[in-house]
Amino acid sequence: MGRPLPDALAKQPWMTHPATVAVLDALEGAAGADGARFVGGCVRNALLGRPVVDIDVATPLTPPRVKDALAAAGITALAIGESHGVITALSHGRTIEIATLRRDVETDGRRAVVAFTEDWAEDAARRDFRLNALYADREGRIFDPTGHGVADARAGAIVFVGDPAIRIREDALRILRFFRFLAWYGKGAPDAAALAACADLRGLIGGLSAERVAKELLTLLAAEDPRPALRAMAEAGVLAEVLPEAANLGRLEALVGIDGELAAEPDGILRLAALLPADPAKAGGAAQRLKLSNADRDRLVEAARDDPAIVSWMSPKAVRQQVWRLGSAAFVDKVKLAWAARGGNGMQWRALAPIAETWPRPALPLTGAEVMAAGVPEGPMVGRVLAEVEAWWVDNDFPTDKLSIIERLKAVAQGMGR
């Protein structure tokens, strides 16, 4: 496996959780003390003091032997990824992915034919970046087969394992992964060889599935500060390959700054909206091409509409009117995008969202039965009268005085009856 470095992980709660211990016990019981290691993101994030969400384990055991070992320990095994050498263990209510050590035999830029191996260095050699080719045992001792993974993680260096062009041709998604990792973990200037390979091979992105591209793009945009990575992505011609509609890098950069000012959680969809032009058709086209959900598509399309115009000096009454028409979430989206596009008095912009988020959006306190009681015959006329009264009600800042509303109803009914 290679010589353990003096680096070691501080004991993490996920390392000693019963689910993890049970899986490691099962694998080591079948393969010996060197039969299971944590691998990849959980090691990298624990090393950097970042949250660990997914636990991945590597083992020299083949998938059938992994399943046998889990079964013997009474642990449920899901074989969804078995053809790729991955078994998912369900242990104590948690899932842990177990990957057999592999080496690539054949690749086509989208998927690989793999052969299993017992050589940890071979497994490391097929991984994307050196900071992801890290392993750790249950005691936290780190193994770094490339010799650079720990140093890269600490320095924020996103460097491919081996030749970047070879790694990218194995899976073109690694172009987007490079920029995504740059956004989340990178520090300083991007690795020149990696950047050049991404630029040279960016045409391979067209062969990837829309779902994989969208996932990487939205994860990149959800980084705390994706601006340096996006600039590098644009300069390499990759952003135009992924999102040809992108026309507002400056607005996106301003929005990221606003998120920092507001201490707001990064929102990948809103940041995507910031990149797109104020053109609902183009926003909808981008959403369709990326195969986003209907809800995300609708949000992008609404955000791309420049009507109504949102300005920082809107009165509370005007804010309430737009919140009533758009809904609170859509209005806040428009506020942030308008702020990012126009700049101006930050205090004024900041004052708009709380009004939208705290105002209870009312319903018109008038029924169709009350309209008919005012002398309007049943049928389409009832809807037209309701719409007229509603327009008056909104323009007058949603009065709750029922007598005033009834008086307006009578006036509208009489006017339409003439």
Side-chain angles (χ1 to χ4, degrees), residues 214-215 217-226 243 245-248 250-365 390-391 393-395 397-398:
K215 182 178 179 180
L217 178 61
L218 291 174
T219 305
L220 186 163
L221 290 172
E224 183 177 352
D225 187 358
L243 194 68
E245 300 89 351
N248 283 306
R251 183 167 69 164
L252 178 280
E253 294 195 349
L255 178 60
V256 174
I258 290 167
D259 285 342
E261 184 176 334
L262 299 176
E265 196 71 24
D267 184 330
I269 290 293
L270 185 60
R271 289 178 173 183
L272 176 58
L275 282 171
L276 297 172
D279 183 331
K282 288 185 178 180
Q288 183 175 3
R289 194 182 65 259
L290 292 170
K291 295 188 177 179
L292 301 183
S293 69
N294 290 342
D296 286 342
R297 177 203 63 208
D298 293 346
R299 187 180 175 196
L300 285 179
V301 169
E302 184 56 54
R305 299 186 198 281
D306 56 5
D307 179 35
I310 305 296
V311 294
S312 63
W313 56 88
M314 293 178 74
S315 68
K317 174 183 175 181
V319 170
R320 288 190 288 269
Q321 288 174 339
Q322 294 308 329
V323 170
W324 190 83
R325 293 185 174 104
L326 300 169
S328 174
F331 177 79
V332 172
D333 280 354
K334 286 180 178 290
V335 167
K336 289 185 177 180
L337 292 174
W339 182 1
R342 297 170 186 165
N345 189 320
M347 291 298 294
Q348 287 183 315
W349 287 113
R350 288 167 69 105
L352 299 181
I355 299 173
E357 292 167 341
T358 60
W359 180 60
R361 185 174 181 267
L364 175 66
E390 187 175 68
W393 178 69
V394 172
D395 287 343
D397 204 15
F398 313 96

Is the shortest heavy-atom distance from the side chain of D296 to the side chain of L272 under 4.5 Å?
no
So, for W359 and V323, which heavy atoms are closest and what is the spacing to 0.1 Å?
CE3-CG1, 3.8 Å
List the atom pairs, donor and acceptor, that lie under 3.5 Å between side-chain atoms in residues 306-317 and the rest of the protein, sequence neighbours left out.
from, atom 1, to, atom 2, distance (Å)
S312, OG, Q348, OE1, 3.2
S315, OG, A318, N, 3.1
K317, NZ, D395, O, 2.9

Among residues two or more places apart or on two chains, list those pairs meeting salt bridge (charged side-chain N to carboxylate O under 4.0 Å, His left out) that have a residue in residues 343-352.
E261-R350
Can you pull out every salt bridge (charged side-chain N to carboxylate O under 4.0 Å, His left out) where at least one residue sits in residues 330-349? Sequence neighbours excluded, please.
R299-D333, E302-K334
Solution key, residues 273-288 side-chain donor-acceptor pairs under 3.5 Å, sequence neighbours excluded:
from, atom 1, to, atom 2, distance (Å)
D279, OD1, A281, N, 3.0
D279, OD1, K282, N, 3.3

Taking the side chain as everything from C-beta on, heavy atoms only, tell me whether D225 gets closer than 4.5 Å to D259.
no
Name all residues meeting the side chain to side chain contact (heavy atoms under 4.5 Å, CB included) criterion together with P365; count only those two or more places apart in sequence or in a different chain, and write none if there are none.
W393, I405
In terms of heavy-atom contacts, R251 and A340 come closest through O-CB, 3.5 Å
Find the distance between CG (L217) and NZ (K215) and round it off to the nearest 0.5 Å.
13.5 Å
Got a second to check how far L326's CG is from R361's CZ, nearest 0.5 Å?
9.0 Å
Which pairs with one or both residues in residues 318-329 pass side chain to side chain donor-acceptor pair (under 3.5 Å), sequence neighbours excluded?
R320-D397
Partners passing side chain to side chain contact (heavy atoms under 4.5 Å, CB included) against A223 (at least two apart in sequence or in another chain)
A183, W184, P226
On a heavy-atom basis, the closest approach of G346 and W339 is CA-CZ2, 3.7 Å
Does any non-hydrogen side-chain atom of V301 lie less than 4.5 Å from one of R305?
yes
Heavy-atom pair of closest approach, residues L292 and I269:
CD1-CD1, 4.3 Å
Which residues pass the salt bridge (charged side-chain N to carboxylate O under 4.0 Å, His left out) test with R289, not counting sequence neighbours?
E245
Least distance between heavy atoms, F331 atom then A356 atom:
CD2-CB, 3.5 Å
Can you name the side-chain hydrogen bond (donor to acceptor under 3.5 Å, both in side chains) partners of D298, sequence neighbours left out?
none
